[in-house]
Undergrad: 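Encoded as structure tokens, here's the structure I'll be asking about.
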There are 4 protein chains.
Amino acid sequence: MSSEAHPTDTQARGSGRKNRGNGSRRDILDAAARLFQQKGYDATSLRELANAVGMKAGSLYYHFASKEQLAIEVLAIGVKAVTDNVSAHLKAAGPGVTPQQRVSIAIRAHLESILSDGGYTSAHIRCFPYTPEAVQSQLRTVRRTYEDIWTGLIDDLAGLGERPEEARHIRLATLGALNWSLEWFDAERDDMEDYARTVERLIIGASGNVNSG
Amino acid sequence: MSSEAHPTDTQARGSGRKNRGNGSRRDILDAAARLFQQKGYDATSLRELANAVGMKAGSLYYHFASKEQLAIEVLAIGVKAVTDNVSAHLKAAGPGVTPQQRVSIAIRAHLESILSDGGYTSAHIRCFPYTPEAVQSQLRTVRRTYEDIWTGLIDDLAGLGERPEEARHIRLATLGALNWSLEWFDAERDDMEDYARTVERLIIGASGNVNSG
Amino acid sequence: MSSEAHPTDTQARGSGRKNRGNGSRRDILDAAARLFQQKGYDATSLRELANAVGMKAGSLYYHFASKEQLAIEVLAIGVKAVTDNVSAHLKAAGPGVTPQQRVSIAIRAHLESILSDGGYTSAHIRCFPYTPEAVQSQLRTVRRTYEDIWTGLIDDLAGLGERPEEARHIRLATLGALNWSLEWFDAERDDMEDYARTVERLIIGASGNVNSG
Amino acid sequence: MSSEAHPTDTQARGSGRKNRGNGSRRDILDAAARLFQQKGYDATSLRELANAVGMKAGSLYYHFASKEQLAIEVLAIGVKAVTDNVSAHLKAAGPGVTPQQRVSIAIRAHLESILSDGGYTSAHIRCFPYTPEAVQSQLRTVRRTYEDIWTGLIDDLAGLGERPEEARHIRLATLGALNWSLEWFDAERDDMEDYARTVERLIIGASGNVNSG
DNA sequence: GATGAATGAGCATTCATTCAT
DNA sequence: TATGAATGAATGCTCATTCAT
């Protein structure tokens with residue numbers, strides 16, 4: 001499930017509109033996501049972004065109030081995309097799966113979102129920490145929503161719900177292992193499913209060994 | 001072992017030098033490490049850095065040829081610091097330790113370097129990917145040296161040397177879990193040793209489960 | 001013939017355009033030519049130039065990619081202006097004029113371009129040698145085109161075509177005498193036609209005496 | 001006569017002093033002359049100059065009060081060098097030479113000074129016009145002294161003394177032809193004596209033709 | 001005589017932003 | 001919707017200069 005609906009997707013997709021790749025709002029967001037992900041927030045200039053969508057820098061201001069606002073939208077789409085993707089996979093799996101299986105599913109969905117997504121989620125992960133405070137604070141609640149999914153997932157694992165600090169560390173270690181892949185994953189060399197399996201074994205091993213720890 | 005010698009540490013520290021706390025080369029490096037770590041490479045301006053060490057922006061150029069060169073030095077000190085710290089801990093443990101114990105030691109040393117170090121190592125980890133190509137290429141060999149330590153460490157684990165792709169993924173997952181802590185670790189709330197234990201369990205569980213996987 | 005068309009002159013001059021005297025591209029070029037000629041390339045700052053056309057330094061970059069690029073355009077206009085002026089005078093004289101007369105015509109046209117031109121040609125002559133290599137190399141072909149006119153002119157003089165090294169020296173001596181006037185010519189004191197006559201006598205004397213030399 | 005005494009030559013030349021090419025006043029002047037000639041006044045930085053003589057920029061201030069003062073000295077040496085060289089050649093020729101021969105001698109001496117001189121005279125000719133007003137005004141009298149030699153030389157030619165404006169133009173044309181050689185003379189390709197002959201013919205032809213003009 | 005270390009002013013350039021059209 | 005043209009602030013960097021040592 002890789003092309004979940006975008007929150008801003010109001011215009012009819014596929015209807016006979018003249019949306020021939022010219023600079024619509026969505027084109028800007030797409031290009032911004034890609035550039036943010038590739039070069040970072042600071043290193044992405046609005047001129048370059050405008051250029052990428054075939055317009056002039058000033059024109060972007062018809063669509064977005066500021067670079068910060070644009071970043072907020074891009075990064076929000078990014079979190080929402082993972083959130084939706086993970087939720088959808090989990091729901092699709094139905095109620096009869098073990099907590100461990102649920103974690104495995106989430107690992108795969110998260111990886112899928114950051115590695116094969118259009119760039120929104122990876123832009124979020126790579127840029128968020130380097131973004132102005134105003135951007136970060138606007139994103140806190142959406143980020144929290146996603147975080148809560150993982151908190152729930154981990155808590156269900158082998159009684160971890162009763163050791164919240166440990167659960168927190170396991171969650172952050174898992175997400176670290178997942179997110180860090182943005183810095184090294186090479187589609188030509190690495191296989192996503194292989195890595196998913198590695199991370200899955202990591203976390204399940206850890207939570208399993210806990211009793212004897 | 002948290003205060004390993006800095007590669008550039010030639011002048012006697014603590015002897016009666018006239019270093020009146022003002023901006024010497026080392027002061028600049030220290031402040032740069034801190035700022036790079038806090039705000040990122042792009043967002044750190046030389047004026048701000050100069051201000052932090054009590055001088056004017058142009059004066060920095062007496063000590064460093066360019067912002068890039070300064071970044072190269074800061075980040076190089078950063079890798080060398082972890083490299084030395086991990087090596088030293090490993091050596092101190094002596095030859096009679098199991099591969100699993102060696103990994104545990106490395107995990108702790110790495111965490112220590114990024115979380116309680118003066119900022120050089122964390123600056124490296126946070127800034128490197130957003131740094132100009134010229135900076136990155138100058139750092140490749142020192143980075144490789146550190147990487148090789150981990151490659152060796154993981155290879156010794158339960159026959160992982162014979163499954164290099166899997167070993168690579170385990171190494172990267174571990175380092176991801178470790179490095180990502182820079183984004184969330186809160187000295188007031190989190191205990192480093194606790195997290196080290198979590199990561200240690202993760203990786204050891206993963207490598208142990210492999211046989212039965 | 002002092003107001004030959006500028007190579008970049010595409011917009012209607014004098015028509016009812018809203019060019020309210022503020023800094024359009026042409027205004028910048030004009031002011032740059034004047035400043036380059038007066039103070040030299042290095043001593044002309046973009047702030048000063050911008051000021052001269054009533055804008056801020058950064059605004060110049062909307063019109064020109066860099067100071068070097070601006071210099072290239074100014075100096076190119078300068079050579080093209082003399083080239084066109086000399087060519088036009090020569091053509092206007094028709095085919096029935098002697099080689100000596102042709103040289104006389106060229107001397108006057110060249111002098112006119114450097115002394116009463118808007119400053120482009122004199123900017124070229126005064127700045128070119130002190131300009132960055134990147135600027136010089138971009139101008140080589142236009143300069144060559146002008147040079148060739150003179151080479152042809154001199155070669156036709158009293159069999160000079162068969163003594164190319166001597167012809168070269170005569171050409172360069174003539175152009176030296178002409179160009180150097182930029183360093184001393186004083187419109188209040190000197191008469192252009194008087195000086196033209198002097199230089200004309202110089203070169204014609206020299207080429208005539210050659211046989212007996 | 002190419003190594004006339006320098007006005008600043010106070011230290012014993014050839015005596016057993018430790019003047020081993022280290023940064024003495026004379027070394028600075030020599031290097032400054034060379035750099036000024038090659039790159040121009042503005043483009044020559046004191047750091048670069050200091051580097052060329054093996055010292056640090058600040059040390060130059062022990063020897064010279066400012067860049068302007070240094071330029072004044074270099075350029076003054078330059079004019080004095082031509083002045084002395086031309087005078088000496090003229091004196092050496094004795095009283096029995098014709099005005100035309102005297103001009104020929106001066107042409108050669110001038111050319112020699114700008115083309116094979118250590119760089120002082122050529123630095124003067126190339127830099128003077130781009131030098132700050134303070135520098136120019138300090139040089140006016142030495143320049144005038146040299147100018148007067150040429151004025152006298154030309155005035156003696158075929159009754160030119162009675163047509164001062166014409167004499168002035170002939171003088172400036174001659175010096176223009178001579179000085180401009182700095183922009184094109186190539187020691188590998190051009191022969192100084194050849195060019196001297198060309199210029200000599202130019203001026204003598206011009207002044208001779210004057211009667212019939 | 002010369003240096004290490006700094007400064008203040010300036011430079012070319014880039015950037016997010018504005019706004020009349 | 002978008003652009004052309006501009007702005008103000010900032011950036012990395014260079015320069016002539018200073019001065020205690």
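By convention in this document, chain letters (A, B, ...) are assigned in the order of the sequence lines, proteins followed by strands, and residues within each chain are numbered from 1.
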Undergrad: What pairs of donor and acceptor atoms, side-chain ones from residues 127-134 of chain D against any protein atom, are under 3.5 angstrom apart with sequence neighbours left out?
TA:
| residue | atom | partner | partner atom | Å |
| --- | --- | --- | --- | --- |
| D:Y130 | OH | C:R126 | O | 2.7 |
| D:E133 | OE2 | D:R140 | NH1 | 3.3 |

Undergrad: D:H63 has a side chain; which of E:dA2, F:dA2, E:dA6 sits nearest to it?
TA: E:dA2

Undergrad: Round to the nearest Å and state the distance from C:L49 atom CG to E:dG10 atom C1'.
TA: 16 Å

Undergrad: Just to verify, what does C:A33 make a side chain to side chain contact (heavy atoms under 4.5 Å, CB included) with, not counting sequence neighbours?
TA: C:V74, C:Y120

Undergrad: Roughly, in whole Å, what's the span from CG in A:L35 to P in E:dA16?
TA: 12 Å

Undergrad: Give the B/S/- string for nucleotides 11-21 of chain F, one per nucleotide from 5' to 3', where a protein heavy atom under 4.0 Å of the base yields B, of only the sugar-phosphate yields S, and otherwise -.
TA: BBBBSBBB---

Undergrad: Could you measure between the two C1' atoms, the one in E:dG1 and the one in F:dT21, and give it in whole Å?
TA: 13 Å

Undergrad: With heavy-atom distances below 4.5 Å as the criterion, would you say the side chains of C:L75 and C:V142 are in contact?
TA: no

Undergrad: Quickly work out the C:K39 NZ to E:dC11 C1' distance and round it to whole Å.
TA: 14 Å

Undergrad: Using 0.5 Å steps for rounding, measure from the CD1 atom of B:I77 to the OG1 atom of B:T121.
TA: 10.0 Å

Undergrad: Rounded to the nearest angstrom, tell me the gap between atom CG in D:D27 and atom C1' in E:dA2.
TA: 14 Å

Undergrad: Choose from E:dA6, F:dT7, E:dA2 the nucleotide whose nearest atom is closest to any side-chain atom of B:Y62.
TA: E:dA6

Undergrad: Residues in side chain to side chain contact (heavy atoms under 4.5 Å, CB included) with D:Q69, at least two apart?
TA: D:A65, D:S66, D:I72

Undergrad: In dot-bracket form, how is DNA chain E paired, counting a Watson-Crick or G-U wobble pair only if both its distances are under 3.5 Å and using | for bases paired to another strand?
TA: .||||||||||||||||||||

Undergrad: Measure the distance from CD1 on C:I28 to C1' on F:dA5 and round it to the nearest whole Å.
TA: 10 Å

Undergrad: Would a distance-only check, ignoring hydrogens and angles, find a side-chain to backbone donor-acceptor pair under 3.5 Å from C:T44 to C:G40?
TA: yes

Undergrad: Find the distance B:N51:CG to E:dG8:P and express it as a whole number of Å.
TA: 12 Å

Undergrad: Applying salt bridge (Lys or Arg N to Asp or Glu O under 4.0 Å) as the test, list every pair that has at least one member in residues 44-63 of chain C; sequence neighbours left out.
TA: C:K39-C:E48

Undergrad: Could you walk me through whether B:D30 and B:V53 pass the side-chain contact (heavy atoms from CB on, under 4.5 Å) check?
TA: CA-CA 9 Å; B:D30 283 353; B:V53 295; over 6 Å; no

Undergrad: Using a cut-off of strictly less than 4.0 Å, decide whether B:K56 has a side-chain nitrogen or oxygen near OP1 or OP2 of E:dG8.
TA: yes

Undergrad: Check the distance between E:dA5's C1' and B:R25's CZ and give it to me in whole angstrom.
TA: 14 Å

Undergrad: Is it true that the NZ or CZ of D:K67 lies under 6.0 Å from the centre of D:Y41's six-membered ring and within 45 degrees of the ring axis?
TA: yes

